[in-house]
Amino acid sequence: MASFEQAASLAARRAVDGVKDKFSPEERAEAVRRIEEEELNYLPGPDTIKEKLIRMCRENKAAALSAGILAVMAAAIIFADKLAVYDPNAVNLMERLLPPSKAHWCGTDDLGRDIFTRILYGGRVSLLVGVIPTTISMVIGIILGMISGYIRQLEAVIMRLADIVLAFPSIVLAMVVMYTLGATTTNIFIALSMIGWAKTARVVRSQTLSIREQEFVEAARGMGVKKWTIMFRHILPNCLPSLIVLFTLNIPDAILSEANLSFLGVGTQPPDSSWGLMVSQARTFAQSSPWMLIFPSLAILIMVLALNFLGDGLRDVMDPHGR
């Protein structure tokens, strides 16, 4: 016995057969074209990155709040010259180790410098250390990951090099680089870039191995498109959602690594300031003047947590298979 759908389809075909002779082929083609255009209007549009971000803010309140906190912190750090009342490096021994007050919101340190002002200016170093080395390491990791995933002859060499980098604890490898090159902000960028590319290369390689077997890549290869064009025009755009998430999750790792290096004395050096250096300098006064330790530590904690919550939210909307 025929199902209802089969009966309906049969009735529709008979109805069409009964009236199609009354219209010319041009009229029938025009009717089909109009029906196809109407059907396209009901199809869902492409899910752009902007729409994904809007959906993330609507569905994940923690990620939306984290994005707002990061925007406020970034604006305060960038416009520190406008917000700060005091000179971050001005020594005033008459006001040393003052507790938080209206004049000094976060108190003063052992040299009488305003801690809130130093947090704002130190955030510039911490933010740059988070963004610049992460960007450099991701560019290196993307290139090497796509090469190892698409050009199989070079896969063993690149992946064994990545295994060597991942075999060492990142902080130990960064310390070796800093001891070798010297403790400067530029060398921090170099050290963190050298230790951060391996994880990105592994992620990009795994996605390249999957994407290179899909039909549109096979079609491009069959049309004679060059390897580099296929990698950067066809494979890389399909890796972007995962790379955006990875970028937001690698920034807090770089900030914490810089804080650890500064805490150990091989990171940012005075008179420059960073949050990790402020925590290191406050160790001696942790009991007598705890605000010197609390407020820089809170700045690191808030930024790292906000970046991690934002990364989790982006992962949910960018990579639905990972939910």
Side-chain angles (χ1 to χ4, degrees), residues 69-133 171 174-175 177-192 251-252 254-307:
I69 292 174
L70 289 172
V72 172
M73 293 183 72
I77 290 170
I78 293 172
F79 298 103
D81 297 335
K82 308 295 182 182
L83 297 176
V85 179
Y86 303 96
D87 187 335
N89 297 318
V91 177
N92 186 358
L93 298 180
M94 298 297 295
E95 296 186 351
R96 65 188 301 269
L97 299 179
L98 293 179
S101 62
K102 291 183 179 180
H104 302 281
W105 292 354
C106 299
T108 60
D109 62 7
D110 57 318
L111 297 178
R113 298 171 296 189
D114 183 68
I115 293 178
F116 177 73
T117 302
R118 289 181 63 78
I119 288 176
L120 291 180
Y121 281 88
R124 291 181 173 180
V125 176
S126 297
L127 195 60
L128 287 176
V129 166
V131 174
I132 294 179
I171 188 65
M175 288 179 63
V177 175
M178 293 301 296
Y179 276 120
T180 304
L181 299 179
T184 64
T185 304
T186 303
N187 291 338
I188 293 177
F189 294 163
I190 297 174
L192 297 181
I251 291 178
I255 293 175
L256 289 176
S257 297
E258 185 276 331
N260 291 331
L261 292 173
S262 297
F263 188 82
L264 296 172
V266 292
T268 306
Q269 300 297 313
D272 293 335
S273 177
S274 72
W275 294 341
L277 180 60
M278 293 178 68
V279 172
S280 176
Q281 293 173 339
R283 287 179 296 175
T284 309
F285 307 92
Q287 294 183 351
S288 60
S289 304
W291 55 86
M292 287 183 60
L293 182 64
I294 291 173
F295 290 107
S297 301
L298 279 177
I300 297 174
L301 177 66
I302 292 172
M303 177 164 284
V304 170
L305 283 178
L307 284 167

Y121: what forms a ring pair (Phe, Tyr, Trp, His ring centres under 6.0 Å) with it, not counting sequence neighbours? none
With a 4.5 Å heavy-atom cut-off, do T117 and V85 have their side chains touching? no
Measure from the side-chain N and O atoms of N187 to the backbone N and O of L181, and report whether any donor-acceptor pair falls under 3.5 Å. yes
In terms of heavy-atom contacts, I300 and G276 come closest through CD1-N, 4.2 Å
What's the shortest heavy-atom distance between C106 and I115, and which atoms? O-CD1, 3.4 Å
Passes side-chain contact (heavy atoms from CB on, under 4.5 Å), D110 versus L97? Steps please. CA-CA 5 Å; D110 57 318; L97 299 179; 4.1 Å; yes
In terms of heavy-atom contacts, L128 and P133 come closest through O-CD, 3.3 Å
Take I302 and M73, measure what side-chain contact (heavy atoms from CB on, under 4.5 Å) needs, and give me the verdict at the end. CA-CA 10 Å; I302 292 172; M73 293 183 72; 3.8 Å; yes
I'd like to know if the side chain of R113 and the backbone of N89 have a donor-acceptor N/O pair within less than 3.5 Å. no
Starting at CD1 of I255, measure out to OG of S274 and round the result to the nearest 0.5 Å. 11.0 Å
Pairwise side-chain contact, D109 with M278, heavy-atom cut-off 4.5 Å (strictly under): no
Residue pair I119 / A299: nearest heavy atoms and the distance that separates them: CG2-CB, 4.2 Å
Closest heavy-atom pair, L192 versus S257, reported as atoms and distance to 0.1 Å, is CD2-CB, 3.6 Å
Can you give the donor-acceptor pairs under 3.5 Å from side chains of residues 284-298 to other protein atoms, not counting sequence neighbours?
unit_1: W291; atom_1: NE1; unit_2: L98; atom_2: O; d: 3.2
unit_1: W291; atom_1: NE1; unit_2: T108; atom_2: O; d: 3.2
unit_1: S297; atom_1: OG; unit_2: L293; atom_2: O; d: 2.7

Going from CG on L111 to CZ on R118, what distance comes out if it is rounded to the nearest 0.5 angstrom? 8.0 Å
Nearest 0.5 Å please: distance from the CD1 atom of I171 over to the CG atom of N260. 4.5 Å
Quick check for you: to the nearest 0.5 Å, what is the distance between L277 atom CG and S126 atom OG? 9.5 Å
Separation of I190 CD1 from I132 CD1 (nearest 0.5 Å): 12.0 Å
Specify the closest pair of heavy atoms between V129 and F189, including all atoms of both residues, with the distance to one decimal. CG2-CE2, 3.5 Å
Between the main-chain N or O of E258 and the side-chain N or O of S262, is there a donor-acceptor pair closer than 3.5 Å? yes
Any chance you could measure D87, atom CG, to D114, atom CG, to the nearest 0.5 Å? 10.5 Å
